[in-house]
Every structure is written in structure tokens, then in C-alpha cells.
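Values in this document were obtained by computation on a predicted structure and should not be read as measured data. Computed over heavy atoms, backbone and side chain alike; hydrogens, waters and symmetry mates excluded.
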Protein chains: 2
Amino acid sequence: MSDALDTALRLVRAQAALVRRFDARLGGLHGVSLADFTLLLRLGQAPGGRMRRVDLAEALGLTASGVTRALVPLERIGLVTREPDVRDARVAYASLTGTGRARLKEMLATAEETAEDLFAAPAWGEEEVPLLASLLTRLGGTGPRT
Amino acid sequence: MSDALDTALRLVRAQAALVRRFDARLGGLHGVSLADFTLLLRLGQAPGGRMRRVDLAEALGLTASGVTRALVPLERIGLVTREPDVRDARVAYASLTGTGRARLKEMLATAEETAEDLFAAPAWGEEEVPLLASLLTRLGGTGPRT
DNA sequence: CTCATAAACTTGACTACTCAAGGAACTCTC
DNA sequence: GAGAGTTCCTTGAGTAGTCAAGTTTATGAG
């Protein structure tokens with residue numbers, strides 16, 4: 001088997017393992033999945049803590065319907081609310097609540113810890129993590145779905 | 001956000017994009033998903049083209065029930081058959097059929113192509129693909145579920 | 001031999017997506 | 001100002017996995 005195919009398959013396996021670690025940690029401490037956390041994080045980074053669902057979908061690499069479904073439980077537990085747009089009645093913003101923002105801060109600490117554990121010395125050198133990040137970025141997956 | 005967390009999130013996005021590319025290519029040409037292909041590939045690498053379902057689960061990073069469900073459509077389209085063990089009536093081997101082996105060979109060519117495209121020059125240097133592979137291997141995900 | 005425990009597998013109920021279709025609201029052209 | 005087309009979002013149906021529970025078979029201890 002070629003290096004290229006081998007690398008691609010390893011990437012899939014590594015991601016599955018990584019997601020499971022994050023899900024276990026975030027789920028255990030905060031009751032959310034990595035996908036939930038990522039969504040909240042993007043919202044937290046957006047001005048005003050709110051985004052149109054369409055933009056959220058693009059930022060997360062999901063479809064619009066995936067976002068609709070992902071938001072349901074987050075709205076139910078009060079981390080996110082739905083806000084209409086004054087100008088355009090088609091758009092419904094997803095907006096972090098106060099609770100959402102507070103909980104996100106705690107989740108972020110957990111996620112940082114988990115990530116640091118994952119890339120801990122001595123297995124990982126100081127410069128290797130950014131190196132991995134730059135290689136992964138070249139693989140795409142950022143920006144709009146094609 | 002730390003480099004570590006940023007890198008972890010990039011890995012998730014890169015994998016999603018990669019899986020979509022493989023699914024599109026393999027699905028279009030051979031009617032299978034990347035997960036199907038990976039399963040068939042592992043079977044193909046095993047002696048006699050057959051494995052116990054439990055070992056297949058471990059090799060793929062799935063649960064036993066995931067394997068049961070993944071095999072159903074592959075048996076239905078005749079790429080894999082179920083074979084009992086003579087010694088132990090609990091075990092049911094998953095075994096590549098002749099057709100399965102032939103189709104796998106074609107799929108492998110497609111997968112290799114897709115992987116080469118993904119890591120094509122000039123964006124990717126000769127030495128960078130094995131480098132990425134080695135970084136990913138350090139992240140684990142190979143071997144038994146913990 | 002018999003009983004307890006363990007291993008291999010399947011099944012039901014669930015989650016998290018996808019795609020395709022559709023409703024409602026906006027915008028553009030005449 | 002009326003359609004025609006486009007955008008935003010939701011919904012129904014389907015796929016791919018999870019976990020927990022159950023069945024069947026094997027094994028080891030007395």
C-alpha cells in the first residue's frame with residue numbers, strides 16, 4: 001500500500017480515537033459532546049456570541065439541517081437561544097445565553113487540558129504540534145463545503 | 001486558544017473532508033463507502049481473506065455490533081460471506097468471496113489514486129506524507145479500544 | 001458432571017449526521 | 001407590483017455508528 005493511502009487511513013483512525021477522548025472528558029464533566037463544544041466555541045468567537053445558522057453550518061463543516069438538529073438539545077438545556085433577525089424574517093440566529101457563555105468557559109478549560117494531554121511531552125516536541133497543524137491545514141476541510 | 005486544541009480541531013475537520021472525498025470517489029465508482037473499503041482491505045490482508053468478527057472490530061476501531069451491522073450490506077451484495085468455525089460454534093468468520101477479492105482490487109486502485117491526489121505535489125513534498133503519518137501514529141487509534 | 005464465568009455475536013433503542021423536498025420570506029426584473 | 005428565482009431554515013426518511021442487554025457456546029473448578 002502507498003504511503004499516501006496509509007496516511008489517509010491513519011488519519012481516520014487517529015481522529016476517531018481523538019474524538020472519543022474528547023467526548024469522554026467533555027461528556028463526563030459537562031454533559032456535552034465534542035461536536036456540541038465546537039459549535040459553542042464558534043458561537044463564542046462570533047461577535048455578539050451569535051451567528052446565522054447558515055454561517056454556523058459553514059464554519060462547522062455541517063449541512064444546514066445538521067445545525068438545526070445539533071441546536072435542539074443545546075436550546076433545550078438553555079445554552080443557546082434562537083433569535084429572529086429584525087431585517088430578514090428568514091434568518092434565525094443561534095445565540096449563546098449567559099449560562100452558555102459561562103459553561104463554555106469551563107468546557108474550554110477541559111478541552112485545553114485534554115488537548116495538552118494528547119500532545120504531551122515527551123512523545124511530542126514543542127515544535128511538532130504546530131507542524132502537525134500546518135500539515136492538516138493543507139488537507140483542507142476549512143471553509144465552505146464544496 | 002492553545003496550539004494543541006487548535007490542532008485537535010483541525011484534525012477533526014481535515015478527517016471529515018478526507019472521508020467525504022473518499023466516499024464520493026469510492027461510492028461513485030464502486031458503490032461502497034470508505035468504511036466498507038477499509039473493512040474489505042483488512043479482510044484482504046488477513047490470511048485466507050477471513051477474520052473473526054471480534055478481531056475485525058479491533059482492527060477497525062469499531063465495536064462488535066458495528067461490525068455486525070457493517071457486514072450486512074457487504075454480505076447482501078456478495079462481497080463477503082459468513083463462515084462458521086469448526087472448533088468453536090460461537091465464532092462466525094467474515095470471509096472475502098472471489099467477487100469480493102476482485103472488486104477490492106479495483107477499489108484499492110481507486111483509493112490509491114484518491115490518496116495520491118490528496119497529497120499531490122506541489123502542495124505536498126516527498127517527505128511530508130510519511131512525516132504526517134508518523135505524527136498521526138503517535139496520536140494512537142491503532143490497536144484495541146481502551 | 002455440573003455450575004459459574006467468560007467469550008462471540010446479535011438485537012433494540014438511541015444519537016448524529018446526510019440528502020431531498022418543501023415552506024416562507026426576500027430580491028430582482030420588467 | 002407581480003412573478004420568477006434565490007436564500008434560510010426545517011422536516012421526513014435513511015445510514016452509520018453507539019451502548020446495554022440477551023443468547024449461545026465454551027471453559028475451568030470442584
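Taking atom CD of B:Glu83 as the reference point, atom P of C:dA8 lies 18 Å away to the nearest angstrom. Rounded to whole Å, the distance from CZ on B:Arg87 to P on C:dA8 is 16 Å. The CG atom of B:Asp23 sits 15 Å away from the P atom of C:dC17 (whole-angstrom rounding). Between B:Arg50 atom CZ and C:dA8 atom P the separation is 15 Å, expressed in whole Å. One can place CG of A:Leu34 at 18 Å from P of D:dG17, the figure rounded to the nearest angstrom. Going from atom CG of A:Leu62 over to atom P of C:dT15 covers 18 Å, rounded to whole Å. In this structure, A:Arg13 atom CZ and D:dG17 atom C1' are separated by 14 Å, rounded to whole Å. Atom pair A:Leu74:CG and C:dT15:P shows a separation of 14 Å (rounding to whole Å applied).
Under the salt bridge (charged side-chain N to carboxylate O under 4.0 Å, His left out) criterion, B:Arg21 pairs with no residue at all, not counting sequence neighbours. Listed by chain and residue number, nothing satisfies the salt bridge (charged side-chain N to carboxylate O under 4.0 Å, His left out) test with B:Glu112 (two or more places apart in sequence, or in another chain). A:Asp23 is linked by a side chain to side chain donor-acceptor pair (under 3.5 Å) to nothing, counting only residues two or more places apart in sequence or in another chain.
Judged purely by distance below 3.5 Å, without hydrogens or angles, the side chains of B:Thr137 and A:Arg10 pair a donor atom with an acceptor atom. Side-chain contact check for A:Thr114 and A:Asp117: no donor-acceptor pair (N or O, by modelled atom type) lies under 3.5 Å.
Through direct or indirect side-chain contacts shorter than 4.5 Å among Ile, Leu, Val, Met, Phe, Trp and Tyr, B:Val86 is connected to no other residue.
In this structure, A:Ala89 and A:Ala70 both approach DNA chain C, and ranking their closest nucleotides by distance from the 5' end singles out A:Ala70.
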Please tabulate, for the side chains in residues 121-135 of chain A, all donor-acceptor contacts under 3.5 angstrom to protein atoms that are two or more places apart in sequence or on a different chain.
from, atom 1, to, atom 2, distance (Å)
A:Glu128, OE1, A:Gly125, N, 2.8
A:Glu128, OE1, B:Arg138, NH1, 2.6
A:Glu128, OE2, B:Arg138, NH1, 3.3
A:Glu128, OE2, B:Arg138, NH2, 3.4
A:Ser134, OG, A:Leu131, O, 3.1

Less than 3.5 Å apart, which donor and acceptor atoms pair up between the side chains of residues 38-47 of chain B and the rest of the protein, not counting sequence neighbours?
from, atom 1, to, atom 2, distance (Å)
B:Thr38, OG1, B:Leu34, O, 2.7
B:Arg42, NH1, B:Gln45, OE1, 3.0

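The end-to-end axis angle of the helix from C:dC1-D:dG30 to C:dC30-D:dG1, rounded to 10 degrees and based on five pairs per end, is 10°.
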Nucleotides 8-16 of chain D: protein proximity per nucleotide (B base, S sugar-phosphate only, - neither; heavy atom, under 4.0 Å): SSBBBB---

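The side-chain hydrogen bond (donor to acceptor under 3.5 Å, both in side chains) pairs that include a residue from residues 88-98 of chain A are A:Glu83-A:Ser95, A:Asp85-A:Tyr93, A:Asp88-A:Arg90, where partners are two or more places apart or lie in different chains.
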